[in-house]
Amino acid sequence: MSEASGSRTELINGMQIRRASSQDLDIVYSVIRSSADWLKGQGMDHWDKYYTREKVVEKLKSQEVYLAFDKDNVVGTITFDTNPVSYYEERDLANFSDPEAKALYVTALAVLPEQQKKGIAGSLMKFAEDRAKEKGVGFVRFDCRAMYIDLVKFYRNRDYKVVGAIIDYEDNNEPYFLMEKEL
């Protein structure tokens, strides 16, 4: 059975990961909504505005979306693609070490709030890095809200570097760090 049809792949700490399909829409959306609600409680409502059900449907159709399980319980999700996100402009991409290099772009990483601080996000990022290597990709890239200090620290502790910033003019001119790791 292929990943796309539901088989699971072993990961770290007994966690299982499998590729999500369109049939998993409600599950993926639920994890993202839980994370969006948690972020909103922390004073950051950017996911609340951006991650609509329609956006998740679009991600399931056009990107690689995975679900993480602890035993049979979903605990997180990650989405990535080898194409840059649509809102990156030329000048944003120019911040990366080698803008023309093949890269894996993480576009969503969410762990259920009650499951945070258990290594799940780290395992999901390692999974993305491993997938990038399998694809012959030299970088993992994404953007991260600069004011989310704990998350920036999380990525820096995993050898991701801040290479630039973009400003979200629709979100109170909030800066987002452009981050990358060379594999």
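Reckoned from all heavy atoms, side chains included, excluding hydrogens, waters and symmetry mates.
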Asker: Which atom pair, heavy atoms only, marks the closest approach of A68 to M15?
Answerer: CB-SD, 3.7 Å
Asker: Suppose the criterion is salt bridge (Lys or Arg N to Asp or Glu O under 4.0 Å): which pairs have a residue in residues 90-102, not counting sequence neighbours?
Answerer: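 Qualifying pairs, neighbours excluded: E89-R91.
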Asker: Taking only residues two or more places apart in sequence or in another chain, which ones pass side-chain hydrogen bond (donor to acceptor under 3.5 Å, both in side chains) with K55?
Answerer: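 Partners of K55 by the side-chain hydrogen bond (donor to acceptor under 3.5 Å, both in side chains) criterion, ordered by chain and then number, come out as Y50.
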Asker: Do I27 and I32 belong to the same hydrophobic cluster, where Ile, Leu, Val, Met, Phe, Trp and Tyr are linked whenever their side-chain heavy atoms lie under 4.5 Å apart, directly or via other members?
Answerer: yes
Asker: How long is the span from the NZ atom in K135 to the CG atom in L183, to the nearest 0.5 Å?
Answerer: 13.0 Å
Asker: Nearest 0.5 angstrom please: N173 CG to I167 CD1, how far?
Answerer: 7.0 Å
Asker: Kindly indicate whether the side chain of E174, heavy atoms from C-beta on, has any atom under 4.5 Å from the side chain of H46.
Answerer: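 Side-chain contact under 4.5 Å: no.
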Asker: Check whether S35 reaches the backbone of V111 with its side chain - one donor and one acceptor, N or O, closer than 3.5 Å.
Answerer: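 Flag set: sc S35 to bb V111 pair under 3.5 Å.
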Asker: Under 3.5 Å, is there a donor-acceptor pair between the T79 and E64 side chains?
Answerer: no
Asker: Between R156 and V162, is a side chain to side chain contact (heavy atoms under 4.5 Å, CB included) present by the stated rule, with each step listed?
Answerer: CA-CA 8 Å; R156 283 188 167 162; V162 175; 3.2 Å; yes
Asker: By side-chain contact (heavy atoms from CB on, under 4.5 Å), which residues pair with A165, not counting sequence neighbours?
Answerer: F177
Asker: Group every Ile, Leu, Val, Met, Phe, Trp and Tyr by side-chain heavy-atom contacts under 4.5 Å, then state whether V65 and V137 land in the same group.
Answerer: yes
Asker: Between A132 and V140, what is the shortest heavy-atom contact and its length?
Answerer: CB-CG2, 4.1 Å
Asker: Evaluate the side-chain proximity of R141 to F96: yes if any heavy-atom separation is below 4.5 Å, no if none is.
Answerer: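 Side-chain contact under 4.5 Å: yes.
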Asker: Is D70 salt-bridged to K118, going by a charged N under 4.0 Å from an acidic O?
Answerer: no
Asker: Once you round to the nearest 0.5 Å, how far does CD of Q63 lie from CD1 of I78?
Answerer: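 Going from CD on Q63 over to CD1 on I78, the span is 11.0 Å.
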Asker: How would you list, by chain and number, every residue that makes a ring-ring contact (aromatic ring centres under 6.0 Å, His included) with Y51, sequence neighbours excluded?
Answerer: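 With neighbours one apart ignored, the set is W47.
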Asker: Any chance you could lay out the side chain to side chain contact (heavy atoms under 4.5 Å, CB included) test for L104 and D81, step after step, and finish with the verdict?
Answerer: CA-CA 6 Å; L104 189 81; D81 192 6; over 6 Å; no
Asker: Checking side-chain hydrogen bond (donor to acceptor under 3.5 Å, both in side chains) between D143 and each of Y105, Y88, Y176, which is the one that passes?
Answerer: Y88
Asker: With rounding to the nearest 0.5 angstrom, report the CD to CG distance, Q115 to N73.
Answerer: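 One gets 7.5 Å once the value is rounded to the nearest 0.5 Å.
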Asker: Would you name the heavy atoms of L109 and A121 that are closest together and state the gap between them?
Answerer: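 Minimum heavy-atom contact is CD2-CB, 4.2 Å.
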Asker: Determine whether F139 and F80 fall in the same hydrophobic cluster, where Ile, Leu, Val, Met, Phe, Trp and Tyr are linked whenever their side-chain heavy atoms lie under 4.5 Å apart.
Answerer: no
Asker: Walk me through it: do V74 and V31 pass the test side chain to side chain contact (heavy atoms under 4.5 Å, CB included)?
Answerer: CA-CA 8 Å; V74 172; V31 173; 3.6 Å; yes
Asker: Does any N or O in the side chain of Q16 come within less than 3.5 Å of the main-chain N or O of K71, such that one atom is a donor and the other an acceptor?
Answerer: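 Not at all, since once roles are kept as given, no pair shorter than 3.5 Å links the two residues.
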Asker: Compare all side-chain heavy atoms of R145 with those of M44 and state whether any distance is below 4.5 angstrom.
Answerer: yes
Asker: Does L60 reach the side chain of L25, with side-chain heavy atoms less than 4.5 Å apart?
Answerer: yes
Asker: State, with a plain yes or no, whether a side-chain heavy atom of K61 is found less than 4.5 Å away from one of E58.
Answerer: no
Asker: Do V106 and L93 belong together in a cluster built from hydrophobic side chains that touch within less than 4.5 Å?
Answerer: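 Yes, it is one cluster - the side chains of V106 and L93 are joined through contacts under 4.5 Å.
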Asker: Would you mind reporting whether S97 and E182 have side-chain heavy atoms less than 4.5 Å apart?
Answerer: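 No. Closest side-chain heavy atoms not under 4.5 Å.
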Asker: Extract all donor-acceptor atom pairs below 3.5 Å that involve side chains of residues 36-43 and protein atoms in other chains or at least two apart in sequence.
Answerer:
residue, atom, partner, partner atom, Å
D37, OD1, R33, NH2, 3.3
K40, NZ, D48, OD2, 3.2

Asker: Is the shortest side-chain N to carboxylate O distance from E129 to K181 below 4.0 Å?
Answerer: yes
Asker: What pair of heavy atoms forms the shortest contact from C144 to V152, and how long is it?
Answerer: SG-CG2, 3.7 Å
Asker: Under 30°, 30 to 60°, or over 60°: which ring-plane class applies to F127 and Y66, parallel, tilted or perpendicular?
Answerer: perpendicular
Asker: Taking only residues two or more places apart in sequence or in another chain, which ones pass ring-ring contact (aromatic ring centres under 6.0 Å, His included) with F142?
Answerer: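 For F142 the ring-ring contact (aromatic ring centres under 6.0 Å, His included) partners, ignoring immediate neighbours, are Y155, Y160.
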Asker: Does one side chain, of T107 or K59, offer a donor that lies under 3.5 Å from an acceptor on the other?
Answerer: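 Note: T107 and K59 side chains meet the donor-acceptor criterion.
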Asker: Under a 3.5 Å threshold, yes or no: a donor from one side chain and an acceptor from the other, between R53 and Y29?
Answerer: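 Per modelled atom types, R53 and Y29 side chains form no pair under 3.5 Å.
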Asker: Taking the side chain as C-beta and beyond, is there a heavy-atom pair between I17 and L124 under 4.5 Å?
Answerer: yes
Asker: Return the minimal non-hydrogen interatomic distance between A20 and V28, and the atom names on each side.
Answerer: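 For A20 and V28, the tightest heavy-atom pair comes out as CB-CG2, 4.0 Å.
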Asker: Checking S34 side chain against S30 main chain: does a donor-acceptor pair fall under 3.5 Å?
Answerer: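 Yes, the answer is positive, given that a donor and an acceptor are paired below the 3.5 Å cut-off.
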